[in-house]
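Some notes on the structure that comes next.
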Number of protein chains: 2
Amino acid sequence: MANMLTSELEGLLYGRELDSPVVKVVRALSGHGAVSTSQIARNTGLARSTVSTILADLKRSNLVVEMETRNPGPGRPAVAHSLNPEAGTCVGALLDVDEIRVIVADVAHNVVADLAMPVEREYSPTKAARVVKHAVDTLYKEHSLAYGSLIGIGFALSAPLAPDGRIMRSSALHGWQGIDFREAFQPVLEKPIFADSESNCAALAEMMWGAATGSSDFVLLKLNPTVSGAVVIDGKPLVGASGSAGEMGHIVIDPHGPLCRCGNRGCLELYCGAGFVSRMATDWLGRSMPVSEIVSRAIQGETGFRRLLADAGEAAGRGLSMAGAMINPPLFIISGVLASAGELLLAPLRASYEKHSFVKHEDVDEAHYPVFKAGKFLDNDNCLGAAGLVLRHSSRLK
Amino acid sequence: MANMLTSELEGLLYGRELDSPVVKVVRALSGHGAVSTSQIARNTGLARSTVSTILADLKRSNLVVEMETRNPGPGRPAVAHSLNPEAGTCVGALLDVDEIRVIVADVAHNVVADLAMPVEREYSPTKAARVVKHAVDTLYKEHSLAYGSLIGIGFALSAPLAPDGRIMRSSALHGWQGIDFREAFQPVLEKPIFADSESNCAALAEMMWGAATGSSDFVLLKLNPTVSGAVVIDGKPLVGASGSAGEMGHIVIDPHGPLCRCGNRGCLELYCGAGFVSRMATDWLGRSMPVSEIVSRAIQGETGFRRLLADAGEAAGRGLSMAGAMINPPLFIISGVLASAGELLLAPLRASYEKHSFVKHEDVDEAHYPVFKAGKFLDNDNCLGAAGLVLRHSSRLK
DNA sequence: GATCATTTTGTCATTTACGACATAATTGTC
DNA sequence: GACAATTATGTCGTAAATGACAAAATGATC
């Protein structure tokens, strides 16, 4: 049964244009939880009648189920639709420096299973493919899921992926340069695969279910030990000529600054990454302290730690002011560990952005001035987004 | 006769969706000179049959004419199509600080007439509309063109224009903040009007007829007394929340640097604008010298002037490395007065970009590394692009 | 010089998305 | 409780874009 549904779903999703009406509708459904026909029509720009017939097809195939909802205002109450969780499962896999993490989600994007595996550094693509395959097999067996229900696997890569599907050099995935991702992973996994950079996946997660819901243009900045980011234009994360769009952590803000792991001097990462905060804390305390503890101490009111976060926010704001000048997005999402500090980070960040920006707050009315928000996901944004690639099936491995 | 054609053209162009097949075809035709049916199909992504029928319509209305061409390889020779220059005229108008410039071009984008008028600073929108109207009337009379053949007027603004059509504060067009561009200009001109920022128009010109022909993703940097720029993604120049996307001249590269006219410190403009070059030359010579002369002296081999241009290139490269990190475009176009120095500017610029970039040349193969080119238009790029808005009719005043 | 491969072009039946209409289900008001 | 107002939904004819087919016009090959 589930198998039949899955093959139908595959037929409906793949083999189609990347922006065909069907895909748009599924995309809209995969975003918000329960949506009515007319809402989908408004969101996608399609005609109501088109959405209506498509939904009828999807319901006939049991891929979409109805849910009853209340309407606040007058008028006929809307029928809420959502993807049938039983229709299939997706996998999201993160390939990080020293860790491979796999999550299983149903079509409605509820996380069903989660498995993080440490791996020795400098692992090979072949190794990675085998590890993922094994993890998926294990998880499906453990949770008694049918492997046939798996409709696709999305990958979040800690390396740039060029538009042609080739992996570019990165410090995280060593020796992968020049490898064709599809060729390396497709044979082992025997399912449709999708991939994007780790930070683009994170942006996708925030756009579909997080702080950027409903926004199609925003810039994401992730403040972890490494600082990365993504630029989303018109609902699509920018890829770039070599797949490295959004790498804001390595904007050089001081050519005479300290040396960065990337080989340049004075990269933004050195001034607003989690590494900066923990290094400063160590200097101050004489001992090391986990970043999460630094943040919670700051929240509890310890001024020293607050100042550290403010300094990081100041630098981040300066970095984002550059994005503001070039891209001028209506929304900035700040995520990563440091973002859990909330306003302690955001307030100085906003002030610094304003200070270093060309467009001042008074130059424009409120509606035209960018909004700064903390991200919703702190831990598994990239895995979640990778799973999201499958249903959204926006990625570059056809 | 011309009038009949024009009204037909208007009917075909306006009243349609902004990306309807007809508009796409006209757009393709307005770009390259002579294109075959199948080439248009490939460029636009439309089916050959669609293009075929549309072209038939356009030919019947005399808006498109055939030209014979040779084919190099085997196969049936292609029939080249191009817009009929007699079908109508477009106007491009630049509203600058102390100058209003108007050009008239035919539908094939040959410039028919050109008129630059100095105006006193801080002129009002009403004044501007009247001046443009008067200039257009004069030019059409002088060149014995029928006013009825005018199908639309495009404006290049020296101010940000928000997506909703409202003008934001700028140092060039004083007191225009909050004005609805359409409301202010439409009544006076009685023709379809279009508008975009000056630098976005310049980018459009480079994309349609200049150094970025065929590219749909690139970053433009204009090195004039003011330094501006544009970011083109997917064939569309970014607008931004308040219309100030691409304002790269005011990225702060040194928070403790000298004060900039915009009120910040250490903006990029101060290190790579034409103002920087002329200021340094004045210091050195003890007298002022026009930038154009500085450039030609440098070309003739005078090392002092060469060094000045190299310094500007160095700074520009550093600025562009930030665009590289965020956007990672495959192409950078450098235009403005300084770009006439050619490799004297570009060589140090490339070196500096490479030095300050995260993605090094050796990290990727040639195909994934960005190309740096000088722009094709030095003087009237913005006017030309403004006229281009009309046929492309991509702009935000519906 | 005939044949093949190649590329372009136009036509036509099929598919597809849309706009218009009619209908359904609720809230608020008199 | 009836009626207007409002909003959502489904159906159907129409317009439009497409894919498949057939034909045309060349260069290359034997």
Side-chain angles (χ1 to χ4, degrees), chain A residues 11-29 32-61 63-82 398, chain B residues 8 11-29 32-61 63-82:
Chain A
L12 274 163
L13 286 179
Y14 310 118
R16 308 216 174 229
E17 284 298 309
L18 265 79
D19 53 351
S20 73
V22 187
V23 174
K24 279 186 184 168
V25 170
V26 173
R27 208 173 279 181
L29 283 166
H32 321 284
V35 218
S36 76
T37 313
S38 346
Q39 271 170 358
I40 296 177
R42 279 191 296 265
N43 290 341
T44 57
L46 297 166
R48 282 186 295 275
S49 50
T50 311
V51 178
S52 181
T53 37
I54 289 175
L55 277 180
D57 285 355
L58 292 172
K59 272 187 276 188
R60 199 172 322 111
S61 317
L63 308 174
V64 162
V65 287
E66 292 188 2
M67 308 167 60
E68 73 285 359
T69 5
R70 284 298 77 196
N71 244 25
R76 172 172 173 172
V79 182
H81 298 269
S82 67
K398 234 259 290 284
Chain B
E8 262 186 82
L12 275 162
L13 287 179
Y14 310 117
R16 309 216 173 228
E17 284 298 309
L18 266 80
D19 53 350
S20 73
V22 186
V23 175
K24 280 186 185 170
V25 170
V26 173
R27 205 172 281 180
L29 282 166
H32 321 284
V35 218
S36 77
T37 313
S38 346
Q39 271 171 357
I40 295 176
R42 278 193 296 267
N43 291 342
T44 57
L46 296 167
R48 282 187 294 276
S49 51
T50 312
V51 179
S52 182
T53 37
I54 289 175
L55 278 180
D57 285 356
L58 293 171
K59 271 186 277 187
R60 200 173 320 112
S61 318
L63 308 174
V64 162
V65 286
E66 292 188 2
M67 308 167 61
E68 74 285 358
T69 5
R70 282 300 75 196
N71 243 25
R76 175 172 172 171
V79 182
H81 299 268
S82 69

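Lettering of chains follows the sequences in order, A, B, ..., and the numbering in each one begins at 1.
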message: Holding to side chain to side chain contact (heavy atoms under 4.5 Å, CB included), I want the full list of residues that pass it with B:Ala56, two or more places apart in sequence or in another chain.
response: B:Arg60
task: Check side chain to side chain contact (heavy atoms under 4.5 Å, CB included) between B:Thr53 and all other residues, then give those that pass, not counting sequence neighbours.
output: none
- line: Sorted by chain and number, sequence neighbours left out, side chain to side chain donor-acceptor pair (under 3.5 Å) with A:Gln39 holds for none
- request: Go through C:dG19, C:dT8, D:dT26 for me and flag the one nearest to the B:Pro74 side chain.
  value: D:dT26
query: Roughly, in whole Å, what's the span from CD1 in A:Ile40 to C1' in C:dA17?
result: 16 Å
- request: Report the residues that fulfil side chain to side chain contact (heavy atoms under 4.5 Å, CB included) with B:Ser52, sequence neighbours left out, ordered by chain and then residue number.
  value: B:Thr37
- line: The reported gap from OG in A:Ser36 to CZ in A:Arg42 (rounded to nearest 0.5 angstrom) is 6.0 Å
- prompt: Please give, in whole Å, the distance from D:dA8 C1' to A:Leu55 CG?
  reply: 13 Å
task: Mind checking side chain to side chain contact (heavy atoms under 4.5 Å, CB included) for B:Val64 and listing every partner two or more places apart, or none if nothing turns up?
output: B:Leu29, B:Leu55, B:Leu58, B:Lys59, B:His81, B:Leu83
Spacing between A:Leu46 atom CG and D:dA8 atom P, to the nearest angstrom: 16 Å
Can you pull every protein N or O that's under 3.5 Å from an N or O on nucleotides 9-12 of chain D?
unit_1 : atom_1 : unit_2  : atom_2 : d
D:dT9  : OP1    : A:Val79 : N      : 2.9
D:dT9  : OP1    : A:Val79 : O      : 3.4
D:dT9  : OP2    : A:Thr37 : N      : 3.3
D:dT9  : OP2    : A:Ser38 : N      : 3.0
D:dT9  : OP2    : A:Ser38 : OG     : 2.6
D:dG10 : OP2    : A:Ser52 : OG     : 3.2

field: Interatomic distance, A:Ile54 CD1 vs C:dT16 C1' [rounded to whole Å]
entry: 10 Å
